[in-house]
2 protein chains.
Amino acid sequence: MSIEPARRVRRSPEAARENILQSAERLLLERGPQGLKLVEVAQGAGVSHATVLHHFGSIDGVQTALAEAMIRQLVARVLEAERPDDPEAQLEGVGQVLFDAFESAGGARLAAWLELTGETRRLTLVREAVAEVISGPMAQKGVDPERATNLILVAVSLAMGVGLIGRSLAELVGRPPETTREAALAFLKTGLAAAIKTEGRAG
Amino acid sequence: MSIEPARRVRRSPEAARENILQSAERLLLERGPQGLKLVEVAQGAGVSHATVLHHFGSIDGVQTALAEAMIRQLVARVLEAERPDDPEAQLEGVGQVLFDAFESAGGARLAAWLELTGETRRLTLVREAVAEVISGPMAQKGVDPERATNLILVAVSLAMGVGLIGRSLAELVGRPPETTREAALAFLKTGLAAAIKTEGRAG
DNA sequence: AGAGTTACCGACAAAAATGTCAATAGAGCC
DNA sequence: GGCTCTATTGACATTTTTGTCGGTAACTCT
């Protein structure tokens, strides 16, 4: 019985990177920032750690690439809120999608990680997304840009907070985990409606 | 010229721990979770890394102690919102203090760190604080506990989000950094007022 | 089939981070 | 002064993590 080397899987560079990044993302989300070790990432991706290095150069390379990829995802998801169906449903929808974006796939955790790591530079993507929303659906409703911006800032912050600690918080006070999200959603909805109606008289 | 050993500073155990924790906190806040290394903590505290081990046993010990200390601070600050002066000012005050608590001294960053690290267990402190607020100032205003809880969940989440990414967000869209906070505060205030007035008819 | 390209890996090397230990030096007490 | 207690430390040891390198194997093209 000779020990024969394990059969290799050979991927395209893109597929390889993608595969590795997925493993990294999983690790980041379930083990936290400190859990992002070279060997673990490699293991999770089913490759040797040398391979990871081959594709990303260094562990920092992995971090950077991961951050960029996750931001891209997040922004994409948020922008889905932009479907201008009917104005009423949309008011509801904006909140829904926004909250989803930050809650699912660890959007909030990503954002938190970026903040904590100080990786807040490459966020041009985000700025563009915000600009798009302001000049798009918001403008349609006749909300002036200044106020629209404020609303967005608040909504995103709220989504961030809910996505990050919403579930823990709720459980902490003995409520089902979705409680925070639902409460926040209702709060946001009435708040938005009020703000849009009030439009015209200055704050 | 003989090299004489540097003069030692000898502290009480409590002072020593305190000193080390301050260094750790500083590091956590400005370098992020990954920056919490034994030697760096020691250096920042002006002691050898062996000393850190002596007092905390391990690097995990440092983390745990730090988390606990910071939570204690955070809760203490939040509870300052509880001064029941006059009802009106308090409505304003709650928001102010809450936001301060999460913004200053990296309260939000701490919470984010805890979430990311999965250190969400030892939060009995937080639960007690929340309970206190619910049965205290909220009850005084005649807000029923269920709804009060929801409001708190939302407010805290919002404070969390604002504290963590508020400034970056605002700058990202070309506004002064305090914009998010102010907008959120206003939003929260009107929302709270509305919610309290509506009290009585079910949602 | 043969040749070229390169993703992939194992083994090794280097660096970084954590932890151990015996000895030293402040501080209080007699 | 001499004694005790222990916070402190440098030097060493171990473990973890990151990075290098030469060769191998999968795939494509001719």
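The shown structure was predicted, so the numbers you read here are calculated from the model rather than taken from an experiment. In the text below, chain A, chain B and the rest are named by the order of the sequence lines, each starting its count at 1.
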Peer 1: For B:Glu146, give me all partners under salt bridge (charged side-chain N to carboxylate O under 4.0 Å, His left out), at least two apart in sequence or on another chain.
Peer 2: A:Arg175
Peer 1: With rounding to the nearest 0.5 angstrom, report the CD to CG distance, A:Gln22 to A:Leu66.
Peer 2: 11.0 Å
Peer 1: Take atom NE2 of B:His54 and atom P of C:dA25, then tell me their distance rounded to the nearest Å.
Peer 2: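 These atoms are roughly 17 Å apart.
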Peer 1: Pairs under 3.5 angstrom only: tabulate donor-acceptor contacts from the side chains of residues 176-188 of chain A to other protein residues two or more places apart or in another chain.
Peer 2:
unit_1, atom_1, unit_2, atom_2, d
A:Thr179, OG1, A:Pro176, O, 2.4
A:Thr180, OG1, A:Gly166, O, 2.8
A:Arg181, NH1, A:Asp100, OD1, 3.0
A:Arg181, NH1, A:Glu103, OE1, 2.9
A:Arg181, NH2, A:Gln96, OE1, 3.1
A:Arg181, NH2, A:Asp100, OD1, 3.1

Peer 1: Pull out every protein N or O sitting under 3.5 Å from an N or O of nucleotides 26-30 of chain D, one pair per line with the distance.
Peer 2:
unit_1, atom_1, unit_2, atom_2, d
D:dA26, OP1, A:Arg8, N, 3.3
D:dA26, N3, A:Arg10, NH1, 2.9

Peer 1: Distance from A:Ser157 atom OG to B:Leu158 atom CG, nearest 0.5 Å?
Peer 2: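 Separation between the atoms: 6.5 Å.
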Peer 1: For residues 50-59 of chain B, please give each side-chain donor-acceptor pair under 3.5 Å, one per line with the distance, not counting sequence neighbours.
Peer 2:
unit_1, atom_1, unit_2, atom_2, d
B:Thr51, OG1, B:Ser48, OG, 3.3
B:Ser58, OG, B:Asp60, N, 3.3
B:Ser58, OG, B:Gly61, N, 3.1

Peer 1: At what distance, to the nearest 0.5 angstrom, does CD1 of B:Ile152 lie from CG of B:Leu192?
Peer 2: 10.0 Å
Peer 1: Distances under 3.5 Å between protein N/O atoms and the N/O atoms of nucleotides 16-21 of chain C, please, pair by pair.
Peer 2:
unit_1, atom_1, unit_2, atom_2, d
C:dT18, OP2, B:Leu38, N, 2.7
C:dG19, OP2, B:Ile59, N, 3.0
C:dG19, N7, B:His49, NE2, 3.1
C:dG19, O6, B:His49, NE2, 3.0

Peer 1: From A:Glu25 CD over to A:Leu27 CG, what is the distance, rounded to the nearest 0.5 angstrom?
Peer 2: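 Answer rounded to 0.5 Å: 10.5 Å.
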Peer 1: Does any residue of residues 41-48 of chain A have a heavy atom under 4.0 Å from DNA chain C, and if so, which ones, in number order?
Peer 2: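 Residues of residues 41-48 of chain A under 4.0 Å from DNA chain C: A:Val47, A:Ser48.
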Peer 1: Below 4.0 angstrom, N of the basic side chain to O of the carboxylate: do A:Glu68 and A:Arg72 qualify?
Peer 2: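 Salt bridge between A:Glu68 and A:Arg72, a charged N being under 4.0 Å from a carboxylate O: yes.
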